[in-house]
Protein chains: 2
Amino acid sequence: MEEPLASKRSVTVADVARAAKVSKATAARVLGGYGVVSDKIRAQVTAAAAALEYRPNELARSMTTGKSGIIGVVVGDIENAFFSLAVRGISDVARMAGFNVIIANSGEELEAEKSAVDLLIGKRVDGLIVTPARCDRMEHLRDIRRVGVPLVLFDRSIPELGVDSVTGDDFDAAATATRYLLDAGHRHIAYISAMDAADERLTDSRELSNSAVRERVEGVLKAQAAAGIEDPQRYVRLGATDQARTDAVVKHLLQEMPVPTALVASDSLVGLRVFKSLQALGLSIPADISMISFLDADWTTVTTPPITVVDQPVYEMGKKAAERLISRLNGRDMPVERTAVKTSLIKRGSVASPPHSSEQ
Amino acid sequence: MEEPLASKRSVTVADVARAAKVSKATAARVLGGYGVVSDKIRAQVTAAAAALEYRPNELARSMTTGKSGIIGVVVGDIENAFFSLAVRGISDVARMAGFNVIIANSGEELEAEKSAVDLLIGKRVDGLIVTPARCDRMEHLRDIRRVGVPLVLFDRSIPELGVDSVTGDDFDAAATATRYLLDAGHRHIAYISAMDAADERLTDSRELSNSAVRERVEGVLKAQAAAGIEDPQRYVRLGATDQARTDAVVKHLLQEMPVPTALVASDSLVGLRVFKSLQALGLSIPADISMISFLDADWTTVTTPPITVVDQPVYEMGKKAAERLISRLNGRDMPVERTAVKTSLIKRGSVASPPHSSEQ
DNA sequence: TCTGGACAAGAGACCGGTCTCAAATATAAA
DNA sequence: TTTATATTTGAGACCGGTCTCTTGTCCAGA
């Protein structure tokens with residue numbers, strides 16, 4: 001008799017109130033878990049709600065409270081293990097704190113990032129974690145702050161923005177990796193990044209719009225400069241965005257004179273591509289050439305030889321970013337903090353001394 | 001004079017209407033892009049909106065329209081490459097269709113899945129894509145349909161539920177892989193899954209609560225039965241959830257008599273662990289033992305030898321699931337469809353004939 | 001018995017949009 | 001010029017919750 005067919009309209013507090021024979025306000029109090037109600041009434045309402053299979057409309061709730069309980073995350077590419085691990089860290093922390101996560105992909109493109117941010121703000125997310133595709137364009141990020149939504153930058157930081165960020169200690173990590181290669185006797189060290197650029201070669205590291213890449217490049221450069229290597233910049237390459245382009249980058253690099261004896265890959269995807277390129281060229285690691293990759297990815301332990309990597313605690317970075325954001329969400333009025341998480345070099349088998357001794 | 005400080009309250013249609021000296025309804029019409037308005041008024045309102053930096057409140061919008069423009073996705077583990085690739089496929093399609101994606105992790109646990117589903121329904125998602133952790137418990141999935149939210153199952157299907165699903169052709173894929181091993185002369189083929197279970201051994205494949213795993217196991221079993229292998233079930237193992245347990249599983253398997261000469265891994269994570277176990281035991285692939293893994297993961301191409309895999313077009317599966325859901329969202333009233341996407345066997349170097357000939 | 005404070009329940013405004021319907025204005029037909 | 005028909009614009013209800021404010025009860029103290 002009670003509408004056996006699929007009920008189209010969902011049951012509301014008013015419906016429950018009617019069924020429990022109390023006012024809407026009272027039903028709302030028990031259903032919403034606020035205010036005070038007598039045990040008797042509470043039981044009545046609870047029973048009615050159960051009978052009607054009441055489900056609160058989170059949307060309506062958010063509208064009046066102004067809080068959506070959602071954290072927006074804009075990443076470069078969820079398919080990349082780096083980001084999916086980070087997202088895992090973020091959402092684990094978020095869930096514990098009662099927040100949900102809505103994810104948007106920017107594909108590392110500024111326009112996509114802008115519209116993702118707009119959209120998330122429109123959805124009234126309580127806070128935002130963004131991996132800015134470019135660190136030199138940030139009007140849209142300024143806007144976020146202006147509308148009063150807390151923001152935490154992930155993996156890359158923009159000091160001018162005056163906002164929290166969680167990144168790796170990219171400069172140090174790169175410098176450490178480079179010194180390790182220098183100590184092994186390498187004098188010609190190349191750095192390969194997937195950053196899209198007009199030219200494979202780098203003209204000025206300050207022009208790199210991605211702060212993580214910039215820091216790493218500068219770490220590599222500084223460490224070499226400190227060791228007296230001249231013009232290390234000639235071995236820095238960009239644009240290794242896919243296998244074909246990486247093959248080209250590696251090929252060009254190997255045509256340089258003197259030929260680089262060690263390669264540093266900017267992230268695990270680039271690392272994998274570089275490894276394949278080298279393999280395709282029939283070069284043996286580390287006998288013919290040494291390599292180090294950023295990120296302790298899956299594949300780096302099962303290759304022959306296993307790859308020496310700069311290990312970033314990505315999951316923890318994600319967690320930290322979420323924790324930071326949530327503290328702010330809870331009204332904590334703390335100073336802006338730029339956290340650089342410490343990384344470590346995991347020495348495996350892909351680095352050895354350069355082929356024929358090490359002459360400058 | 002116009003409140004130079006950070007405006008706490010956001011600007012609404014009413015604010016814009018006031019500034020443009022028109023009614024709220026009219027302002028809403030141009031801002032919401034519906035109904036008709038004269039060009040003159042439209043310009044006025046648009047200008048006012050721009051001046052005030054109006055941003056629509058998507059929440060309020062959703063409340064009246066009843067559509068949130070959000071697709072909820074519940075996956076087993078976003079950190080797993082399988083799911084992150086699928087999510088990528090889903091969100092690419094969703095974005096093109098004007099939908100957003102909100103992701104929840106179930107960790108393959110029923111309770112977490114239930115609460116994720118509840119929460120997403122509360123957020124009034126327009127539709128749901130779920131990877132059910134168990135195919136034998138589905139009350140909460142029934143509930144989804146009862147409240148009228150379209151649902152598409154991903155990777156696993158539950159026929160009794162009468163709902164769309166997109167999976168791999170797991171039975172056939174497993175059977176094909178098995179036949180390939182049989183043709184190579186293997187007579188003792190093991191199957192290793194990460195499905196959590198009380199016992200490593202399998203008693204009855206019909207009890208497998210994950211349909212994808214069940215299908216694969218049955219494929220492996222049937223193919224062997226057809227080849228006259230007796231009691232193939234003795235080599236099926238569960239619970240390879242982490243490296244330690246995988247090491248144990250592999251060790252136990254190698255203690256069987258006769259010892260299995262080929263291993264099939266249920267997914268790329270298990271495959272990687274099995275590879276490491278084998279490597280740790282000093283076994284050489286494929287000379288000592290052959291292996292096949294599901295999913296064409298990164299690492300499978302850079303090992304020595306590269307791994308023969310069952311390639312699932314995961315990204316396409318994600319896309320297909322999203323497309324299916326969106327068609328339903330657009331009111332299309334189509335019959336329930338269980339799509340099994342065709343997979344293929346990529347033959348690489350990890351399969352050879354068993355060690356000392358092949359005697360039954 | 002009367003007053004007052006504590007507490008429970010009800011009425012109704014509000015959040016920021018959408019949308020229906022009526023009023024006002026413009027355009028076309030008679 | 002008048003009437004009929006579009007075409008815009010405005011007023012206000014509504015979505016489903018939260019929350020403030022008011023009213024009504026109950027019980028203790030004077």
Side-chain angles (χ1 to χ4, degrees), chain A residues 7-46 48-49 52-70 119 121-126 147-148, chain B residues 7-46 48-49 52-70 119 121-126 147-148:
Chain A
S7 50
K8 210 62 264 171
R9 240 194 40 2
S10 49
V11 349
T12 73
V13 280
D15 297 328
V16 175
R18 208 170 304 123
K21 298 190 204 311
V22 298
S23 74
K24 181 183 156 202
T26 303
R29 271 189 275 260
V30 5
L31 264 16
Y34 57 90
V36 277
V37 262
S38 66
D39 292 349
K40 179 167 148 269
I41 295 283
R42 161 165 292 114
Q44 266 179 50
V45 174
T46 309
L52 269 54
E53 298 194 50
Y54 166 77
R55 284 164 183 272
N57 183 331
E58 245 24 271
L59 249 43
R61 194 168 272 178
S62 302
M63 192 149 71
T64 45
T65 58
K67 322 261 83 194
S68 63
I70 298 184
L119 199 139
I121 296 228
K123 296 260 187 252
R124 292 300 188 269
V125 294
D126 292 342
V147 298
Chain B
S7 50
K8 212 62 265 173
R9 242 192 42 357
S10 48
V11 350
T12 72
V13 278
D15 298 328
V16 176
R18 208 170 305 125
K21 297 190 204 309
V22 298
S23 75
K24 182 184 155 200
T26 303
R29 270 189 275 261
V30 6
L31 264 16
Y34 57 90
V36 276
V37 264
S38 66
D39 293 348
K40 179 168 148 267
I41 295 282
R42 162 166 290 111
Q44 267 178 48
V45 173
T46 309
L52 268 54
E53 299 194 51
Y54 167 79
R55 283 161 184 274
N57 182 332
E58 230 51 70
L59 249 42
R61 194 168 272 177
S62 302
M63 190 148 73
T64 44
T65 58
K67 324 260 83 198
S68 63
I70 298 184
L119 199 140
I121 297 231
K123 297 257 187 256
R124 293 299 188 266
V125 293
D126 291 342
V147 299

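Convention: sequence-line order gives letters A, B, ...; per-chain numbering from 1.
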Asks: Taking only residues two or more places apart in sequence or in another chain, which ones pass side chain to side chain donor-acceptor pair (under 3.5 Å) with B/E58?
Replies: B/R61
Asks: Among residues at least two apart in sequence or on other chains, which ones pass side chain to side chain donor-acceptor pair (under 3.5 Å) with A/D126?
Replies: A/S68
Asks: Taking side-chain contact (heavy atoms from CB on, under 4.5 Å) as the test, write out the residues that go with A/T26, two or more places apart.
Replies: A/V22, A/S23, A/R29, A/V37, A/I41
Asks: Do any of residues 26-39 of chain B sit with a heavy atom less than 4.0 Å from DNA chain D, and if so which?
Replies: B/T26, B/R29, B/V36, B/V37, B/S38
Asks: Taking side chain to side chain donor-acceptor pair (under 3.5 Å) as the definition, give me every residue that meets it alongside A/R42, ordered by chain and number, with sequence neighbours left out.
Replies: none
Asks: Which pair of non-hydrogen atoms, one from B/V45 and one from B/A20, has the smallest distance, and what is that distance?
Replies: CA-CB, 3.9 Å
Asks: Polar atom pairs between nucleotides 22-28 of chain D and protein, under 3.5 Å, N or O only, would you list them?
Replies:
none

Asks: State, to 0.1 Å, how close A/L31 and A/Y54 come at their nearest heavy-atom pair, and which atoms those are.
Replies: CG-CE2, 3.5 Å
Asks: Is any side-chain heavy atom of B/T12 closer than 4.5 Å to one of B/N57?
Replies: no
Asks: I'd like the 5' and 3' limits of the part of DNA chain C contacted by chain A, with heavy-atom contacts below 4.0 Å.
Replies: C/dA8 to C/dG16
Asks: Which residue lies toward the 5' end of DNA chain D, B/S23 or B/T64, if each is placed at its nearest nucleotide?
Replies: B/S23
Asks: Considering residues at least two apart in sequence or located in another chain, which fulfil the side-chain contact (heavy atoms from CB on, under 4.5 Å) criterion with B/R18?
Replies: B/A14, B/D15
Asks: Grab the two heavy atoms, one from B/L52 and one from B/V11, that are nearest each other, plus how far apart they are.
Replies: O-CG1, 3.4 Å
Asks: For B/R124, enumerate each residue passing the salt bridge (Lys or Arg N to Asp or Glu O under 4.0 Å) test, keeping only those at least two apart in sequence or located in another chain.
Replies: none
Asks: Considering residues at least two apart in sequence or located in another chain, which fulfil the side-chain contact (heavy atoms from CB on, under 4.5 Å) criterion with B/T64?
Replies: none
Asks: Which whole-number value in Å describes the distance from B/K21 NZ to D/dT9 P?
Replies: 16 Å
Asks: Listed by chain and number, what are the side-chain contact (heavy atoms from CB on, under 4.5 Å) partners of A/T65, not counting sequence neighbours?
Replies: A/K67
Asks: Compare all side-chain heavy atoms of A/K123 with those of A/L119 and state whether any distance is below 4.5 angstrom.
Replies: yes
Asks: Using five pairs at either end of the helix from C/dT1-D/dA30 to C/dA30-D/dT1, determine the angle between the two local helix axes and round it to 10 degrees.
Replies: 50°
Asks: Have a look at A/I41 and say if it touches a base, only the backbone sugar-phosphate, or nothing, with a 4.0 Å heavy-atom cut-off.
Replies: sugar-phosphate
